[in-house]
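Each ligand, and each atom within it, is numbered from 1 in the order the structure gives. Keep in mind that this is a model prediction, so the values were computed, not measured.
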Amino acid sequence: MKICVTGGAGFIGSVMVNYLVKNYPEDYIVNLDKLTYAGNLENCKEVENEPNYKFVKGDIADREFIFKLFEEEKFDVIINFAAETHVDRSVEFPDEFVRTNVIGTTTLLDACKQYGIRRYHQVSTDEVYGDLPLDRPDLFFTETTPIHASSPYSAAKASADLFVMAYHRTFNIPVTISRCSNNYGQNQFPEKLIPLMISRATAGEALPVYGDGANVRDWLHVEDHCKAIDLIVRYGRVGEVYNIGGHNERTNLQVVKTILEAVGADESLIKYVKDRPGHDRRYAIDPTKIETELGWKPTYNFDTGIRQTIKWYLDNEDWWKRIISGEYQNYFKEMYKDRV
Ligand code: NAD
Ligand code: TYD
């Protein structure tokens, strides 16, 4: 199969690309990424010379470019990770979220309609369900929980999901959607909670905890997320949504304290700052459907997975220091100056 992974230079997309290239030598993987600030080809270094891998730089919302690419490549499968992903940025600059997350998705769907596709998979998020109250630990997001987005980011992701389902119903495009909880692991851009706090704690800088730090996120290791997507793409039922999560609910304060302890820094670094506007209180996934239908189970336990992840950031300071300094922006130009 020829599989196009969009956003394959980002945090999760790059794990998917590496996984597919290594585990399916009979498949051909095209990594399509615009290389925004969040895209980093270093994340795909391990596979960049493999015969079943190719990188293409481009924008999923650029209609002319996407149609030409689809015409040339004749993809069997699209896995759409490409998105603007940071909630705080969406509060400041919603336009780019509409452009990439909504128009980018409809552009890909139109190309699938025009050139045909065996499967279009939309990588969505549990944030489309809004949030759950802290005092009802018995409640979880299921696939039938109504969409109720809170932030411009989640509103754009929710809109994309609605278009994906509409194109299935109206044009018979064979689609699936996955909605996963918060991911952690190596190579995450240091604007997100876990890598941000690790980088600041090691530098002895204040850790900005929003509000009271009691907000709950349900953490899943990025490799478990990608294995779940692979199962859905190959064995999931067309037209279905699958939630992905491993029952690892932690308050932000618990996560921050785990990081402080692991890097040997003091809790006095914690600084409570002004809350994020519209800040979702709790996310919690019910993964029963994917577990029972597709036999998926997470392989990582959060307590050991988070420690391995913290160790990775400590062992790879160069990686995030280059990102913070902006130097990695030159990586693409250097590595691919003769190829694109
Ligand atoms: P990320 O921000 O690390 O990476 C996004 C990637 O998309 C980058 O490589 C970027 O260059 C690329 N991109 C952005 N705009 C593009 C465009 N217009 N055309 C082509 N490429 C473009 O994001 P991530 O954390 O890896 O998330 C990937 C997907 O998974 C997103 O769709 C996100 O909504 C979803 N998701 C993320 C999480 C999480 O915890 N990070 C959880 C559930 C779902
Ligand atoms: P984030 O990693 O941005 O993911 P999301 O908002 O998509 O869940 O944030 C995770 C949680 O951490 C969220 O409740 C906001 C909180 N947070 C802070 O308290 N301080 C920070 O500096 C950041 C980036 C996030």
* Candidate pair His221 and Phe302, rule ring pair (Phe, Tyr, Trp, His ring centres under 6.0 Å), full reasoning -> CA-CA 8 Å; His221 195 278; Phe302 183 74; 9.8 Å; no
* Structure fact -> When distances are taken from atom 7 (O) of ligand 2, the protein heavy atom at minimum range is Glu127 OE2, 2.6 Å
* **Pairwise side-chain contact, Asp27 with Lys2, heavy-atom cut-off 4.5 Å (strictly under)** => no
* Using a strict 4.0 Å threshold on nitrogen-to-oxygen distance, state whether Glu249 and Arg282 make a salt bridge. => yes
* **Ile194 and ligand 2 - part of the residue with a heavy-atom distance under 4.0 Å** => neither
* Can you tell if the side chain of Arg118 reaches within under 4.5 Å of the side chain of Met1, non-hydrogen atoms only? -> yes
* Does Ser181 come within less than 4.0 angstrom of ligand 1, counting non-hydrogen atoms of the residue? -> yes
* **Proximity flag Thr6 to ligand 1, non-hydrogen atoms under 4.0 Å** => no
* Asked: Does the side chain of His247 reach to within under 4.5 Å of the side chain of Phe140, using non-hydrogen atoms?
  -> yes
* How does Tyr153 reach ligand 2, by side chain, by backbone, by both or by neither, if only non-hydrogen atoms under 4.0 Å count? -> neither
* Asked: Has Gly104 got any heavy atom lying under 4.0 angstrom from an atom of ligand 1?
  -> no
* So is Ser124 in contact with ligand 1, going by heavy-atom distances below 4.0 Å? -> yes
* To do: Considering heavy atoms of the protein only, find what lies nearest to atom 20 (N) of ligand 2 and give residue, atom and distance to 0.1 Å.
  => Pro208 O, 2.7 Å
* To do: Tell me yes or no: between the side chains of Glu223 and Tyr19, is some donor less than 3.5 Å from an acceptor?
  => no
* Of the protein's non-hydrogen atoms, which lies at the shortest distance from atom 16 (C) of ligand 2, and what is that distance? -> Asn252 ND2, 3.4 Å
* To do: Within a distance under 4.0 Å of any heavy atom of Asp59, pick out the atoms of ligand 1 and give their elements.
  => 17 (C), 18 (N), 19 (N)
* Asked: Which option out of Val273, Asp218, Val209, Leu193 puts a heavy atom nearest to atom 1 (P) of ligand 2?
  -> Leu193
* Taking only heavy atoms of Phe11 into account, list the atoms of ligand 1 that are under 4.0 Å away from them. => 3 (O), 25 (O), 26 (O)
* Look up atom CG in Asp126 and atom CD1 in Ile285, then write down how far apart they are to the nearest 0.5 Å. => 4.5 Å
* Proximity to ligand 1 by part of Lys157, non-hydrogen separation under 4.0 Å -> side chain
* Asked: Between the side chains of Asp280 and Tyr283, does any donor sit under 3.5 Å from an acceptor?
  -> yes
* Look at atom 40 (O) of ligand 1 and say which protein heavy atom is nearest, naming residue and atom and giving the distance to 0.1 Å. => Asn183 N, 2.8 Å
* So, are Lys22 and Glu50 salt-bridged, with charged N and O less than 4.0 Å apart? -> no
* To do: Considering only non-hydrogen protein atoms, determine which one is nearest to atom 30 (O) of ligand 1 and report residue, atom name and distance to 0.1 Å.
  => Val123 CG1, 3.5 Å
* Give yes if a backbone or side-chain nitrogen or oxygen of Arg99 is under 3.5 Å from a nitrogen or oxygen of ligand 1, and no if not. => no
* **Protein residue, atom and distance nearest to atom 2 (O) of ligand 1, heavy-atom basis** => Thr85 OG1, 2.7 Å
* **Distance filter under 4.0 Å to Gly39 heavy atoms, resulting ligand 1 atoms** => 8 (C), 9 (O), 11 (O)
* For atom 15 (C) of ligand 2, which protein heavy atom lies nearest, and how many Å away is it? -> His279 NE2, 3.4 Å
* Structure fact -> Within 4.0 Å of some non-hydrogen atom of Leu35, the atoms of ligand 1 are 11 (O)
* Which is closest to atom 13 (N) of ligand 1 by heavy-atom distance: Thr36, Val15, Leu41, Asn40? -> Thr36
* To do: Would you mind running through ligand 1 and noting each atom that sits below 4.0 Å from a heavy atom of Ala82?
  => 7 (O), 20 (C), 21 (N), 22 (C)
* Do Asp161 and Ser124 get their side chains close enough for a donor-acceptor pair, meaning under 3.5 Å? -> yes
* In the protein, what heavy atom is nearest to atom 31 (C) of ligand 1, and what distance, to one decimal place, separates them? -> Phe81 O, 3.2 Å
* To do: Identify the residue among Asp303, Asn182, Thr258, Asp218 that makes a side chain to side chain donor-acceptor pair (under 3.5 Å) with Arg250.
  => Asp303
* Asked: Taking atom types as modelled and ignoring hydrogens, do the side chains of Tyr242 and Arg179 form a donor-acceptor contact shorter than 3.5 angstrom?
  -> no
* Closest protein heavy atom to atom 5 (C) of ligand 1, given as residue, atom name and distance to 0.1 Å -> Ala83 O, 3.5 Å
* Asked: Should you measure from each heavy atom of Asn182, which atoms of ligand 1 turn up under 4.0 Å away?
  -> 40 (O)
* To do: Could you check if a side-chain atom of Met165 sits within less than 4.5 angstrom of a side-chain atom of Tyr167, using non-hydrogen atoms only?
  => no
* Is the ring centre of Phe189 less than 6.0 Å from the ring centre of Phe11? -> no
* Asked: Lys271 versus Pro208: any side-chain heavy-atom pair under 4.5 Å?
  -> no
* Asked: Nearest non-hydrogen atom to atom 8 (O) of ligand 2 belongs to which of Lys192, Lys271, His86, Arg217?
  -> Arg217
* **Residues Asp59, Arg99: salt bridge by 4.0 Å N-O rule** => yes
* To do: Using a 4.5 Å cut-off on heavy atoms from C-beta on, say whether the side chain of Asn80 contacts that of Ile60.
  => yes
* To do: Tell me which protein heavy atom sits closest to atom 24 (C) of ligand 2, plus the residue, atom name and distance to 0.1 Å.
  => Glu191 O, 3.4 Å
* To do: Tell me which protein heavy atom sits closest to atom 19 (O) of ligand 2, plus the residue, atom name and distance to 0.1 Å.
  => Tyr210 N, 2.8 Å
* Asked: Taking the minimum heavy-atom distance to atom 34 (O) of ligand 1, which of Tyr184, Tyr153, Phe189 ranks first?
  -> Tyr153
* To do: Tell me which protein heavy atom sits closest to atom 38 (C) of ligand 1, plus the residue, atom name and distance to 0.1 Å.
  => Ile12 CD1, 3.6 Å
* Worked check of salt bridge (charged side-chain N to carboxylate O under 4.0 Å, His left out) between Lys68 and Asp62 -> CA-CA 10 Å; Lys68 192 161 169 284; Asp62 178 343; over 6 Å; no
* Do Asp131 and Asn215 come within less than 4.5 Å of each other through their side chains, counting heavy atoms only? -> no
* Please could you name the atoms of ligand 1 that Gly58 approaches to less than 4.0 Å, counting only its heavy atoms? => 19 (N), 20 (C)
* Structure fact -> atom 4 (O) of ligand 2 sits nearest the protein heavy atom Asn182 ND2, 3.5 Å
* **Check: Cys180 N/O within less than 3.5 Å of ligand 1 N/O** => no
* **Distance filter under 4.0 Å to Tyr283 heavy atoms, resulting ligand 2 atoms** => 8 (O)
* Which protein heavy atom lies closest to atom 4 (O) of ligand 1, and at what distance to 0.1 Å? -> Gly10 CA, 3.5 Å
* Just need the protein heavy atom nearest to atom 6 (O) of ligand 2, so name the residue and atom and give the distance. => Arg276 NH1, 2.5 Å
* What's the shortest distance from atom 11 (O) of ligand 1 to any protein heavy atom, and which residue and atom give it? -> Asp33 OD1, 2.5 Å
* **Partner of Thr176 under side chain to side chain donor-acceptor pair (under 3.5 Å), chosen from Arg237, Arg119, Gln122, Glu240** => Arg119
* Side chains of Ile78 and Phe70: does their closest heavy-atom pair fall under 4.5 Å? -> yes
